[in-house]
Structures are given as C-alpha cells and as structure tokens.
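So the structure is just underneath, and the comments pick up after that.
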Amino acid sequence: MREIKIFDDWNDENILTFEKSIENDDTAFKEFNARIVNTPSRIIGVRIPELHKTAKEIARSKGADGFISLNYDGSFELTTLRGLVIAYMKNIDISKRIELLDSFIDSIDNWATVDVVSGAIKINSREYEIFLENALQSSDTWRIRFGVVSLMSNFMLEDRVNSVLQKIASVRAYDDYYVDMAIAWAISVAYVRDRAATEKIFEEYDLSERVLRKSVSKICDSRRVSLDDKKRMKERLKERLARLSVTK
C-alpha cells in the first residue's frame, strides 16, 4: 500500500487524495471483496487489518473529528473507516460516542461494515446496551444487525447469556436474511457459553426455519462443541422443524 495521507483538516479534495493512498491495486481482491460484501458502494480493495491500522492512526490525529464529520459519499472502505475511527477515538464520553454511532449507522449499506465496526467497539455500559436494545426495534436491516452483533460482542458474558440471547431471539425482521444470519451467529456463540440456556431458547422461541438451520450449522462448525452435542443439536433441529411444518 502507498504512503497513507492523513490530514489535520479534511475536505472534499484531500479525502480523495487519502482514498487514493489506501487503494489496493490487487484487482482480483477487489472483485472478490465486492462479491462477498455485496454493497452498492464502491470497493477500493483495502484489507480489513489495514483498515483497523489506518483507523487507529486517524483516531490519534488532530483531524479525527473532521474525518468522521465530513459529508462524503465515498467507498465501502471510507464508510467502514468512519465507524472504526469512532470506535477508536480517545477522550470522548460514552454519550458522545453513542451519538456519533447513531448517526454513523444511517450510512451503513452492508453486513461487513456492521460486523467490522461492531467488533471494534468495546463499551460495557447500560447506556450503550439500551441504545442497542432500541436498535433491535428498528425497521432498518443494518441498524438491527448492528444491535444484534454489538449485544453479542459486548454483553453476552458468561453470566448474562440467557438475558441477552432472549432479547436477540425476540427480534422480528420479516425474514430478513442479514438479520437472520446475525441471530443465528449469536445463538451459536451463546451455545458455547451456556448450552442449557441456549437450548431452551432454541426450543421455546419463535425462530424462523432459516435461523434454526443456520444456528445448528454454525454450532456444528465450532471446534468448541463436542461431537455428542453436535449430534444432539442436529436431532433437536429435526424435531423442531417437524413441529414447525405442522403449525404452517
């Protein structure tokens, strides 16, 4: 990658210079990333570890506030960088960070930005948890997914698996693929941390067939789940789907 151009004052001209400085010339990677991310925004081909590294540099710079406030309809990478800079910025209180995230979420148009930024945010406060719980009630795919993934990442601790998973499993998003995949992911993570609580929710909550199937698939992909548990979950899935077909 070229020398990265980070500015103390950001404007429409130097944001283009910056974008050019981080662009990857690997056409094959750009095309692969475009297929995976499935975003309507441009892909310039920056790998995720590089985005994290660059975001930390911007967050430490004098121009951090200017970077995240610049109104520029750019690439997938620029949008993701904004979220990462918000995550990594120092010396701002929780309320201000949540305010910035709230605005940032409106610019998201793909699952990858949600997941990358959610994974970088480390906030364990009731204020942030309430913000995420409210996100679950949204009608916007990416805001809901942000709520699901962030609750899982920040609050699904060993002693809170059941309460957090109950909130996530209660989401109703009209069979939205990206929301369903996030819920299934959360169920698979919860299973490793609290098997009994997760199995109870798996049995009792009104989960879609896609969520049920993908949850078990992810559980069975985990190296932290025993072969016996994987076998049992496959049997539970068959029983659960049989009951679903009767109620349709």
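Taking a 6.0 Å sphere around CG of L227, one finds it holds 12 or fewer heavy atoms contributed by other residues, nucleotides or ligands. Other residues, nucleotides and ligands contribute only 12 or fewer heavy atoms inside 6.0 Å of the CZ atom of R224. Taking a 6.0 Å sphere around CZ of F29, one finds it holds more than 12 heavy atoms contributed by other residues, nucleotides or ligands. Enclosure of atom CG in D9 is not indicated, since only 12 or fewer non-hydrogen atoms of other residues, nucleotides or ligands lie within 6.0 angstrom.
Heavy-atom minimum distance, A64 versus A59: CB-O, 3.9 Å. Across all non-hydrogen atoms, the minimal contact from F155 to V164 is O-CG2, 3.4 Å. Counting all heavy atoms, side chain and backbone alike, V211 lies closest to I187 at CG1-CD1, 3.9 Å. What you find for Q166 and S170 is that their closest heavy atoms are O-OG, 2.7 Å.
With salt bridges taken as basic N to acidic carboxylate O contacts below 4.0 Å, none links K30 and D25. A salt bridge is defined here as a Lys NZ or Arg NE, NH1 or NH2 lying under 4.0 Å from an Asp or Glu carboxylate O, and E129 with R126 meets this definition.
Side-chain atoms of R97 come within 3.5 Å of backbone atoms of M89 as a donor-acceptor pair (strictly under, hydrogens ignored).
The side-chain hydrogen bond (donor to acceptor under 3.5 Å, both in side chains) with D180 is formed by just one residue from the set R210, R145, K214; it is R210.
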*Decide side-chain contact (heavy atoms from CB on, under 4.5 Å) for R195 and V225; before the verdict, give the C-alpha distance in whole Å, the side-chain angles of both, and the deciding distance to 0.1 Å.*
CA-CA 10 Å; R195 190 185 71 187; V225 177; over 6 Å; no
_Derivation of the side-chain contact (heavy atoms from CB on, under 4.5 Å) call for V216 and K234_ = CA-CA 7 Å; V216 173; K234 288 178 181 179; 4.2 Å; yes
*Decide side-chain contact (heavy atoms from CB on, under 4.5 Å) for L212 and L244; before the verdict, give the C-alpha distance in whole Å, the side-chain angles of both, and the deciding distance to 0.1 Å.*
CA-CA 11 Å; L212 292 168; L244 259 185; 3.6 Å; yes
*Between F146 and L132, does a side-chain contact (heavy atoms from CB on, under 4.5 Å) hold up when you go through it step by step?*
CA-CA 8 Å; F146 193 95; L132 299 175; 4.0 Å; yes
*Please lay out, stage by stage, how S118 and D115 fare under the test side chain to side chain donor-acceptor pair (under 3.5 Å).*
CA-CA 5 Å; S118 294; D115 295 0; 5.5 Å; no
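The CG atom of D194 sits 9.0 Å away from atom CG of L165, with the distance rounded to the nearest 0.5 Å. Residue H52 holds its NE2 atom at 9.5 Å from OG1 of T80, rounded to the nearest 0.5 Å. In this structure, CD on E99 lies 15.0 Å from CZ on F104, to the nearest 0.5 angstrom. Atoms CD1 and OH, from I121 and Y88 in turn, are 10.0 Å apart once rounded to the nearest 0.5 Å.
Side-chain atoms of T113 and N110 form a donor-acceptor pair, as typed in the model, at a separation below 3.5 Å. S107 and T79 form no side-chain donor-acceptor contact under 3.5 Å, judged by distance and modelled atom types alone. Between E127 and S95, the side chains place a donor N or O and an acceptor N or O closer than 3.5 Å (distance only, hydrogens not considered). A donor-acceptor pair shorter than 3.5 Å can be found between the side chains of S41 and D109. Side chain to side chain, N14 and T17 fail the donor-acceptor criterion of an N or O pair below 3.5 Å.
Side-chain rings of F67 and F18 approach one another, their centers coming within less than 6.0 Å.
A cation-pi arrangement is absent between R236 and F202 under the rule of less than 6.0 angstrom and at most 45 degrees off the ring axis.
Annotation: salt bridge (charged side-chain N to carboxylate O under 4.0 Å, His left out) contacts of R240 (sequence neighbours excluded): none. Contacts of R42 classified as side chain to side chain donor-acceptor pair (under 3.5 Å), with partners at least two apart in sequence or in another chain: E19.
Follow the hydrophobic side-chain contacts under 4.5 Å out from M152 and you reach V192 in the same cluster.
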